[in-house]
Trainee: 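If you scroll down you'll find the structure; I have some questions about it.
Both ligands and their constituent atoms are indexed starting at 1 by order of listing.
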Amino acid sequence: MVPNLQSGMENVYVDTSAICYIDGKRGELYYRGYSIDELSRMSTYEEVAYLLWYGRLPRRSELREFRKSLSLERELQEEVYSIMELLPKSVNPMGALRTIVSYLGNLDGEPSVTVEDVYRKGVSVTAKIPTIVASLWNIKNGREPIRPRKDLSHAANFLYMLHGEKPSKDEERAMDVALILYAEHEINASAFAVMTVGSTLSDYYSALVAGIGALKGPLHGGAVEEALRQFMEIGSPERVEEWFWRKLERGERIMGAGHRVYKTYDPRALIFKEYARALGEPELYAVAEKLEELVESHLAKKGVHINVDYWAGIVFHALGIPPELYTTIFAMGRVAGWTAHLAEYLSHNRLIRPRLKYVGEIGRRYVPIEERG
Ligand code: ACO
């Protein structure tokens with residue numbers, strides 16, 4: 001038995017942090033000490049990004065300046081649109097986002113990774129990700145990209161660029177809340193990837209590309225798209241029970257359920273559920289509610305409960321967002337958290353370099369190829 005070895009690094013603390021607190025038993029989440037319930041009811045994505053980065057809520061004038069600096073950074077350089085045109089039409093949007101964020105790094109004359117740089121670059125990349133995602137989608141579908149507007153909020157501007165028309169107040173609010181819920185979540189796989197690359201003193205963009213790559217996987221951010229697809233595949237509430245047991249018999253997983261830290265209902269999922277109930281297609285909502293009942297009554301004993309990705313897809317579907325883009329929306333929100341963690345870690349940086357306990361052989365004799373038969 002190897003001392004201190006935790007499979008999947010479960011419950012391993014790698015550092016201290018003042019950004020995010022999760023109580024996985026009670027189902028509580030706090031950004032900089034403020035509960036997610038309060039933030040999702042009262043705040044905006046821009047204010048939450050400011051809070052995550054600078055550790056306190058902005059004053060009115062500070063928020064105005066912060067919004068302005070984001071709005072001034074939304075437009076992409078012309079050559080970025082040309083690169084997007086060159087990508088294969090079949091490309092996965094997360095793969096495409098990873099490529100374009102990497103390309104932005106090549107356009108930045110100062111690709112260093114100091115604490116001061118991180119916030120400046122954070123504003124630029126946070127502002128640009130919605131433009132990249134909406135433009136990728138328009139280009140993929142043979143349409144001209146819609147250029148960002150300076151007068152709209154971060155959330156409204158994304159929906160505007162995707163659909164070509166200004167969203168309603170309710171749609172804007174639902175999108176804003178989704179970005180708040182996805183903005184931060186302690187040291188998950190993607191934040192750890194960002195911090196690991198940052199710790200080598202590589203550069204901001206390389207760190208972010210690592211985060212996007214980690215988030216893309218179906219066990220992390222990829223689950224949001226898969227969760228909606230499973231409700232669509234089931235089709236009607238009467239089919240849920242048979243589908244659920246067949247899935248478990250095959251040893252497959254319910255997407256949008258289970259979490260390494262939460263051993264109860266994810267508090268973000270509760271908030272998404274309210275929006276799904278209010279805005280979602282009733283049939284999809286009914287399927288999801290029936291499946292939720294089965295997950296909560298049969299999988300809770302294993303510590304498996306509904307997670308953030310379960311209801312989010314129903315909300316995005318109601319906002320007219322195609323499933324292929326769901327994980328990119330997660331990235332659009334999470335860039336705030338990644339940036340906060342990178343800056344916090346760099347302020348006392350030490351190279352992240354864990355160990356693997358070697359269990360192979362030692363001292364084997366090299367046999368020349370002629371003698372190996
Ligand atoms: N459906 C069915 N059973 C599950 C599920 C699920 N979604 N998740 C876990 N289990 C079961 C496992 O089969 C295992 O059972 P066993 O002990 O009988 O073998 C037990 O619960 C523990 O599972 P682990 O894989 O050890 O749990 P872990 O903490 O490693 O996994 C994870 C967490 C990866 C999120 C997992 O729950 C999962 O695959 N969920 C589905 C994908 C998903 O929704 N991902 C999004 C996570 S949230 C986020 O990243 C934003």
Trainee: Using a 3.5 Å cut-off on N or O atoms only, is Ala257 in polar contact with ligand 1?
Mentor: yes

Trainee: Closer than 4.0 Å to some heavy atom of Val308 - which atoms of ligand 1 meet that?
Mentor: 51 (C)

Trainee: Which atoms of ligand 1 are found less than 4.0 Å from any heavy atom of Ala223?
Mentor: 43 (C), 44 (O), 45 (N), 46 (C)

Trainee: Just to check, does Gly256 reach to within less than 4.0 Å of ligand 1 when the distance is taken from its heavy atoms?
Mentor: yes

Trainee: Could you see if Val125 belongs to whatever hydrophobic cluster contains Tyr103? Use Ile, Leu, Val, Met, Phe, Trp, Tyr and a side-chain cutoff under 4.5 Å.
Mentor: yes

Trainee: Asn307 to ligand 1: N or O pair under 3.5 Å?
Mentor: yes

Trainee: Which residue holds the protein heavy atom closest to atom 18 (O) of ligand 1, what is that atom called, and what is the gap in Å?
Mentor: Lys302 NZ, 2.9 Å

Trainee: With heavy-atom distances below 4.0 Å as the criterion, list the atoms of ligand 1 near Leu299.
Mentor: 2 (C)

Trainee: Any non-hydrogen protein atom below 4.0 Å of atom 27 (O) of ligand 1?
Mentor: no

Trainee: Which heavy atom of the protein is the closest neighbour of atom 36 (C) of ligand 1, given with residue, atom name and distance?
Mentor: Arg253 NH1, 3.2 Å

Trainee: Taking the six-membered ring for Trp, are Phe244 and His298 parallel (under 30°), tilted (30 to 60°) or perpendicular (over 60°)?
Mentor: tilted

Trainee: At less than 4.0 angstrom from any non-hydrogen atom of Arg260, what atoms of ligand 1 do you find?
Mentor: 28 (P), 29 (O), 30 (O)

Trainee: May I ask you to check whether over 12 heavy atoms, not counting those of Glu252, lie within 6.0 Å of atom CD?
Mentor: yes

Trainee: When you measure from atom 22 (C) of ligand 1 to the protein, is at least one non-hydrogen atom found at a distance under 4.0 Å?
Mentor: no

Trainee: Purely on distance, is any nitrogen or oxygen of His220 under 3.5 Å from one on ligand 1?
Mentor: yes

Trainee: Does even one non-hydrogen atom of Phe330 get within less than 4.0 Å of ligand 1?
Mentor: yes

